[in-house]
Amino acid sequence: MPYSLTCRRAWPALGALLTLAGCAAVGPDYVPPVLSKTEVPGQWTSPVDAAATTKSAESATSPAPWWGELSDPALDRLVGAALVTSPTLEAALARLAQARASTSQAAAAGSPALAAGANSQRSATDSAGTTEQDSWLSTNASWEIDLFGSVRRGKEGARAREAAQRASLADARVSLAADVTDAYLSHRACQSHLALSEQDVVSRQATEKLTAASVEVGFTAPYQGVRSKASVAEARTRLAATRAQCDRLENLLTRLTGVDRPMLITILADKPTGLDRLPEPKHFSVAIPRAALMQRPDVRAAERKVAAASADIGLAEADRYPRLALNGSLGYAVDRTSGSGSLSFGTWSFGPSLSLPILDGGRRKAAVELARSRYDEALADFKAKARAAIQEIEDALSRYAAAHERAETARVSASQYQRFFDAVELRYREGASNLLELEDARRAMLDAQQTLLGVRQERLQAWVALNRATGGAAQYEEALPIQDSSPTASAGSSPLPAQAASATPLKTGVATEFPVH
């Protein structure tokens with residue numbers, strides 16, 4: 001059990017202990033984790049306009065909203081509403097406020113504490129009615145001297161956890177903006193699909209009427225009429241399914257943005273028709289900065305949790321060493337007795353208090369081992385987050401490259417089918433083609449436009465996914481203390497796993513720059 005010693009005049013010993021307070025804190029000094037070359041790719045498998053993206057990423061002074069590339073006021077309005085009213089962000093802000101309060105508490109732990117108290121009591125002392133009134137006023141002060149860095153490690157851990165919550169808030173913002181953008185683009189694509197489906201129904205109905213007339217006069221077999229009716233029913237089924245999908249997307253946007261349904265309908269109503277409903281970004285190339293991994297909020301949050309776990313090791317280690325506190329008190333009391341005047345006196349005390357942990361059954365040692373194991377867990381979680389981030393960026397790049405290539409071929413196909421339909425329509429007007437040929441050409445043209453619309457939507461979704469995967473427009477209140485340094489450990493501790501100090505840039509225009517060994 002701890003042994004307490006109170007001393008009033010041992011000033012030389014107190015001076016020596018105060019000198020110790022300036023020594024380095026026990027426990028490991030934090031070094032940012034480093035990924036190996038096997039964990040970080042030397043080059044992205046699907047580079048996208050390397051020179052342009054690298055230049056634009058490095059020249060940017062502050063992250064700009066990537067959805068602004070679409071120049072769509074309705075989208076800007078919906079994303080802005082979501083960022084203001086989202087319960088997810090409110091919860092993240094509340095967690096950040098809690099972390100800031102914990103940081104303030106940790107900072108206050110190293111400051112002197114002062115408390116005051118007062119009391120007054122009146123009582124009767126005998127049957128004659130003699131009364132006594134006791135009053136007192138006291139103040140108590142205490143200040144723990146941070147001999148072995150317990151307070152400092154507590155501050156380090158609290159600041160790291162606050163930074164992790166700040167990064168988590170940024171991650172929630174990035175995800176929310178991407179979800180709203182994806183839902184909005186899907187809704188606009190759905191409206192275009194709906195318009196094309198309505199044209200398809202009209203075309204099939206015209207074919208059905210023509211076929212029915214041909215069957216009636218005996219020019220066409222009856223089964224062809226049955227087939228035409230089935231074709232119309234199939235088109236109407238697709239139309240109903242598309243309309244229901246558009247309604248579900250509106251419900252999704254209402255949930256994400258908090259905008260009520262009537263207002264949402266008003267916002268979504270102001271848009272072009274046909275394929276022009278889908279906006280195009282000013283630049284399809286996405287700027288992937290050299291620090292792409294650490295730009296991702298989830299990876300940054302995981303790294304800050306490693307820093308907090310490292311500080312916890314020092315905090316547990318410091319608990320195994322003596323604690324020194326300066327305590328003082330000042331009191332003033334008044335004793336009044338009826339008929340006999342009053343008597344007053346004051347008391348004071350001041351001196352250091354030293355607590356020495358001697359026997360605890362191994363509890364403090366086990367606490368250090370527990371802190372180290374939690375550090376190992378946080379480090380493993382960071383590596384897992386980094387690997388997942390690399391995979392997501394690679395997948396997004398591959399998906400984007402494939403969608404970009406398909407979009408060009410789909411545009412050629414739609415253009416050629418449009419030319420084919422225009423030619424057949426001209427022949428029909430001149431009497432060289434019949435209505436069946438015209439409607440077949442129309443459906444082929446509509447199918448090609450549906451395909452082009454789907455590919456354009458897929459490319460936009462891949463563009464959104466790539467911005468999400470690279471942590472696009474992540475906002476941080478301050479830069480994290482990420483630096484390269486050699487691991488050091490103070491007395492009474494063992495260093496964390498050895499890590500290289502050099503930072504080697506990866507050789508690719510759109511890849512990240514990350515320390516490797």
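These values consider heavy atoms only, across backbone and side chains, with no hydrogens, waters or symmetry-generated copies.
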Closest heavy-atom pair and its distance - A82, L176: O-CD2, 3.3 Å

Under a 3.5 Å distance rule, please check whether S310 uses its side chain to pair with a backbone N or O of V306 as donor and acceptor. no

Charged N to carboxylate O below 4.0 Å: is that the case for R443 and D440? yes

N-O pairing of R100 and E162 below 4.0 Å: yes

Got a second to check how far D298's CG is from F382's CZ, nearest 0.5 Å? 10.5 Å

S214 side chain to L210 main-chain N or O, any donor-acceptor pair under 3.5 Å? no

Nearest atoms (heavy-atom pairs only) where Q461 meets R399: CB-NH2, 3.3 Å

One thing to verify: whether D200 and R204 come together as a salt bridge, which I'm taking to mean a side-chain N less than 4.0 angstrom from a carboxylate O. yes

May I ask you to say whether R238 pairs ionically with E234, meaning some side-chain N is under 4.0 Å from a carboxylate O? yes

Could you go through the side chain to side chain contact (heavy atoms under 4.5 Å, CB included) check for Q457 and S186 one step at a time? CA-CA 7 Å; Q457 179 185 357; S186 297; 3.6 Å; yes

Test your reading of the model: is there a side-chain donor-acceptor pair from T409 to the backbone of R406, 3.5 Å cut-off? yes

Got a salt bridge between R153 and D29, using NZ or NE/NH1/NH2 to carboxylate O under 4.0 Å? yes

Just how far is it from atom NE2 of H187 to atom CG of D247, taken to the nearest 0.5 Å? 7.5 Å

Are Y184 and L70 side-chain neighbours, meaning at least one heavy-atom pair lies under 4.5 Å? no

Any donor and acceptor pair, going by atom type alone, linking the side chain of R296 with main-chain N or O of A469 inside 3.5 Å? yes

Let me confirm one number: the CD-CD distance from Q449 to Q418, rounded to the nearest 0.5 Å. 5.5 Å

Would you say that W67 contacts D72 through its side chain, given a criterion of any heavy-atom pair below 4.5 Å between the two side chains? no

Give the intermediate values and the outcome of side chain to side chain contact (heavy atoms under 4.5 Å, CB included) for residues Q450 and S197. CA-CA 9 Å; Q450 291 274 19; S197 297; 3.6 Å; yes

4.5 Å side-chain heavy-atom contact, R442 and Q199: no

E405, CD atom: more than 12 neighbouring heavy atoms under 6.0 Å: no

With a 4.5 Å limit on heavy-atom distance, are the side chains of R459 and V455 in contact? no

Distance-minimising heavy-atom pair for G154 and L315: N-CD1, 4.0 Å

D312 and its salt bridge (Lys or Arg N to Asp or Glu O under 4.0 Å) partner, picked from R161, R372, K305, R374: R161

Over all atoms of both residues, closest heavy-atom pair of A311 and G157: CB-N, 3.4 Å

What heavy-atom pair brings L169 and A92 nearest, and what distance separates the two atoms? CD1-CB, 3.6 Å

CD (E377) with more than 12 external heavy atoms under 6.0 Å: no

Has the side chain of T85 got a donor or acceptor atom that lies under 3.5 Å from a matching backbone atom of T257? yes

Count the heavy atoms belonging to other residues, nucleotides or ligands that lie under 6.0 Å from NZ of K155, then report whether that count exceeds 12. yes

Please report the interatomic distance CG(L256) to CG(L78), rounded to the nearest 0.5 Å. 10.0 Å

Could R456 and E280 be called an ion pair, given the rule that one side-chain N must be under 4.0 Å from one carboxylate O? yes

Please list, chain by chain and in numerical order, all residues satisfying salt bridge (charged side-chain N to carboxylate O under 4.0 Å, His left out) with R95, sequence neighbours excluded. none

Please round to the nearest 0.5 Å and tell me the distance separating atom CD of E208 and atom OG1 of T211. 8.0 Å

Are the side chains of C190 and T242 in contact, using a 4.5 Å heavy-atom criterion? yes

Would you mind listing every salt bridge (charged side-chain N to carboxylate O under 4.0 Å, His left out) that reaches into residues 76-88, with sequence neighbours excluded? none

Which heavy-atom pair separates Y417 from A448 by the least distance, and what is that distance? CD1-CB, 3.6 Å

Does a side-chain N-to-carboxylate-O contact under 4.0 Å join R300 and E303? no

Could you check whether atom CD of E216 has more than 12 heavy atoms from other residues, nucleotides or ligands sitting under 6.0 Å from it? no

Flag side-chain contact, heavy atom, 4.5 Å: T181 against L460: no

Spatial distance of atom CZ (R304) from atom CZ (R166) [nearest 0.5 Å]: 10.0 Å

Could you pull out all residues at least two apart from R261 that satisfy salt bridge (charged side-chain N to carboxylate O under 4.0 Å, His left out)? E250

When you check the side-chain N and O atoms of Q191 and R188, is any donor under 3.5 Å from an acceptor? no

Is the backbone N or O of A172 less than 3.5 Å from a side-chain atom of S175, with the two atoms forming a donor-acceptor pair by type? no

So do V259 and T254 actually touch side chain to side chain, heavy atoms under 4.5 Å? no

Taking atom types as modelled, find out whether Q98 and Q165 have a side-chain donor-acceptor pair closer than 3.5 angstrom. no

Would you call R427-E437 a salt bridge at under 4.0 Å N-O? no

Do the charged groups of R255 and D179 touch, with an N to O distance under 4.0 Å? no

Flag the pair V174 / P297 as yes when at least one side-chain heavy-atom distance between them is below 4.5 Å, and no otherwise. yes

